[in-house]
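Working notes, structure below.
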Protein chains: 2
Amino acid sequence: MEAAKPSLDLVRSVTDEHVLRALMRHRRLTRAELAQETGISKPTAGESVRRLTERGLLVDTGERTPGGRGKGRVGSYYALSGSTGTALAVAIAPEGVVAEVVDVYGSTVARTRREISRPARPADVARALQEAVATAAGDAESGAGRPRLAVVSAADPVDRATGRLVQLPDAPFLVGELDPVAVLGAHVDGPVTVDNDVNWAARAERDHADGGELRDFAYLYLGEGLGCAVVSDGVVRRGHGGLAGEIAYLLTAGADGRAVRFIDVFAELGLRRAGSSGIHTDRLLAALRSPGAAATLREALSGVLAAVVALADPGCVVLGGSWGPALLDDAAEPTPGEALSLDGRMPWAVPVRAARMRDDPAFAGARADAVTRLRAAIVAPA
Amino acid sequence: MEAAKPSLDLVRSVTDEHVLRALMRHRRLTRAELAQETGISKPTAGESVRRLTERGLLVDTGERTPGGRGKGRVGSYYALSGSTGTALAVAIAPEGVVAEVVDVYGSTVARTRREISRPARPADVARALQEAVATAAGDAESGAGRPRLAVVSAADPVDRATGRLVQLPDAPFLVGELDPVAVLGAHVDGPVTVDNDVNWAARAERDHADGGELRDFAYLYLGEGLGCAVVSDGVVRRGHGGLAGEIAYLLTAGADGRAVRFIDVFAELGLRRAGSSGIHTDRLLAALRSPGAAATLREALSGVLAAVVALADPGCVVLGGSWGPALLDDAAEPTPGEALSLDGRMPWAVPVRAARMRDDPAFAGARADAVTRLRAAIVAPA
DNA sequence: CCTTCCAGGCAAGGGCCCTGTCTAGAATCG
DNA sequence: CGATTCTAGACAGGGCCCTTGCCTGGAAGG
């Protein structure tokens, strides 16, 4: 509703969009099915099919049978043509790189994974990224051409304006000067979207919830690194530079009650890795069995939670990462968040629960967004 | 672009909207001017005027002269009719209540202010609100009928779902069970929108900036109460319950380096009012001249700033309230934020500046929103 | 008084969508 | 095996909305 002034082909474009979206949901439809599915009249749907076929977006699949039960005339099935293209979804993590080519239906066209041996050095990560992307894009290119766009998840802070990874002190992973936009741009025709893995995981968690109930929540990632995604009004809010959620620097209560940065709590407990500056998760999980260390960690996390709740007022806090959910498993499941009460710090209660998406949620979020963006790219220039 | 399926009158509605919006900007236009202004053709503009006049939204003003220089045929001026109505903008603060009736052009139709003697008790506030609203609405009603909607700013946390004021411990103003939606609903035909004064001030500050440059920023209100508005992607984000920005409960560094809540820092310095639980601003401004207290306050505020920056990544932090800007006046203006450096707590720098809107910014924000909503209400049911 | 100039009305045309009807062809039934 | 039944698709008619182009009427200026 912005600069749509002299509109009459606007109405045609919305018709075409409905037809395209219906075929994204159903893969193949006859013109009559299309009319019923979209609510558009039969002649109009037929005309839209004619236009879109002419533009090369739709093809007659050649399949003619209208289904088993049909008694009447055969119909022609139409489907999106191959020229609708594919999208590339990539996840960069210290354990390895995943690159997947997806089509408009959300199906996987090609997939590659490159492991990285620990500790992950910047050059190793860059090489793994290059190889994984080249392999996946190459495998898919023979079939469906170059991907039209790319969506990248990176286990590092991402500059919102440029998409480059940002190097912050005390951050666990050293990806150096990696520029995913430049690397992916060589394999993709369109835009490259880059964001933090925690933000992608939060989007996956949001989409996983039923009926859009998760419109305002915080996703705390507690693993080798510390991160937080803030979802407000249904959208991950990245802030001015894309660095929103860098909770490592939040002031919280340390072991002796002094105000220390969250990340420093782990140093004081001897839970930071020697080589990198990440958190030694194995040692941390072991330390959780000692009441003293567990209490210190819970106290520190409680201060962080209070800050998140005070500033963002989430309706719920989701804990993810390798050891975040472990803080909850101890508590009785029926009373989630009991073990992480805010200790009377905050005057209102907020439920805390473990993340439901556990299998590479960052990649899942990026992959889903790649499909969404691909669909939008097909519809938009209509 | 949502459920606009069977659209052809959609295009007519957008035409009418363009005509209405043009007349909101220019107050009166002939049909020819309307056509030129909107880019629509002359017959179409004329037809839209006919429809809108028939619906009672437009009137022929009777003015006929097409302007001084015109040599040709006289044109008829059309304008929005009186039935487009008015909106009510209200600001509730402990010092008093302001109620203003505005029209679609943003002009003031009626205005009332009721002072409240300190200390403001809940009953005083409720009475002042009743009186101010009744007077303003009554004054305007004779001319333009009942206002169509109301927008309310309240110097208290506001529940997002119900619009009721929320009572939090350690909050300065005691408005009890005040329910602005119920009070205003008696004087208004349409919806009543209620939000926190800090959020409204932040919106005013955003609109005051040139060219939408303030898309991601934080507005820290430091007065008798402590508040914060977080603007992400150009919109104030209220959180799940509307309580985002309650920074009084944030953990920060106290005088002795211990982790204390922000509000407790003022108690330790003896800067909280006896009767209410607000901050004694006069005493605080005096205390700022003592290096020790000033350093303590800056240290505490620095911890709060770090939390805001870490979680929201604002492109800039704006300080408002009665003593917030005073923290900056001491520093050299050319290097804003120097006196409030993050002390190396955060790895990236964020500029800090004083609020530019100083004259009741909360009311200004609510008033502007009332005009916007009134215009939308006129256009929407088109 | 005539010319100039502009607001507004009128006519024609094109685009888009809808309802309603007809046709063709295949499966099913008697 | 032919008649019936059912459905996909084509076609005609009509309504709505916008646009271009032309005409008219009346006021200001020479």
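Residue numbering restarts at 1 for every chain, and letters A, B, ... go by the order of the sequence lines.
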Listed pairs, N/O of protein and of nucleotides 12-14 of chain C, under 3.5 Å:
none

Q) For the pair made of CG in B:L10 and C1' in D:dC16, what is the distance, rounded to whole Å? A) 13 Å

**Q.** Short side-chain N/O contact from A:S41 to OP1 or OP2 of C:dT19, under 4.0 Å
**A.** no

Q | Nearest-Å distance for atom pair CG/P, residues A:L34 and D:dT7 | A | 18 Å

Q.
I'd like to check the salt bridge (Lys or Arg N to Asp or Glu O under 4.0 Å) partners of A:D60; sequence neighbours left out, ordered by chain and number.
A. A:R64

Q. Quick one: B:R12 CZ to C:dG15 C1', roughly how many Å, whole number?
A. 17 Å

**Q.** Phosphate OP1/OP2 of C:dC16 contacted by A:T15 side-chain N/O (<4.0 Å)
**A.** no

Q) Is B:R50 salt-bridged to B:E47, going by a charged N under 4.0 Å from an acidic O? A) yes

Q. Looking at residues at least two apart in the chain, or sitting in another chain, which of them share a salt bridge (Lys or Arg N to Asp or Glu O under 4.0 Å) with B:R27?
A. none

**Q.** Non-neighbouring partners of B:R203 that pass side-chain hydrogen bond (donor to acceptor under 3.5 Å, both in side chains), sequence neighbours left out
**A.** B:D195

Q | For B:S232, side-chain hydrogen bond (donor to acceptor under 3.5 Å, both in side chains) partners two or more places apart | A | none

**Q.** Residues that B:T372 engages under side-chain hydrogen bond (donor to acceptor under 3.5 Å, both in side chains), provided they are two or more places apart
**A.** none

Q: Measure from CD on B:E47 to P on D:dC18 and round the result to the nearest Å.
A: 8 Å

Q. Quick one: side-chain contact (heavy atoms from CB on, under 4.5 Å) partners of B:H187, sequence neighbours excluded?
A. B:Q130, B:V133, B:A134, B:A137

I'd like a table of atom pairs between the protein and nucleotides 10-12 of chain D - only N or O on both sides, under 3.5 Å - with the distance next to each one.
{"from": "D:dA10", "atom 1": "OP2", "to": "A:R31", "atom 2": "NH1", "distance (Å)": "2.9"}

Q | Spacing of B:I40 atom CD1 relative to C:dA7 atom P, expressed in whole Å | A | 17 Å

Q: Write down the distance between CD (A:E33) and C1' (D:dG9), rounded to a whole number of angstrom.
A: 13 Å

Q. What pairs with B:T162 under side-chain hydrogen bond (donor to acceptor under 3.5 Å, both in side chains), at least two apart in sequence or on another chain?
A. B:D159

(Q) Side chain of B:R51, heavy atoms from C-beta onward: which of D:dA27, D:dC18, D:dA8 has the nearest atom to it? (A) D:dC18

(Q) Please determine whether a side-chain nitrogen of the Lys or Arg among A:D189 and A:R148 lies less than 4.0 Å from a carboxylate oxygen of the Asp or Glu. (A) no

Q | Atom-to-atom span, CG of A:D9 to P of D:dC17 - whole angstrom | A | 17 Å

**Q.** Whole-Å gap separating P (D:dT7) and CG (A:L29)
**A.** 17 Å

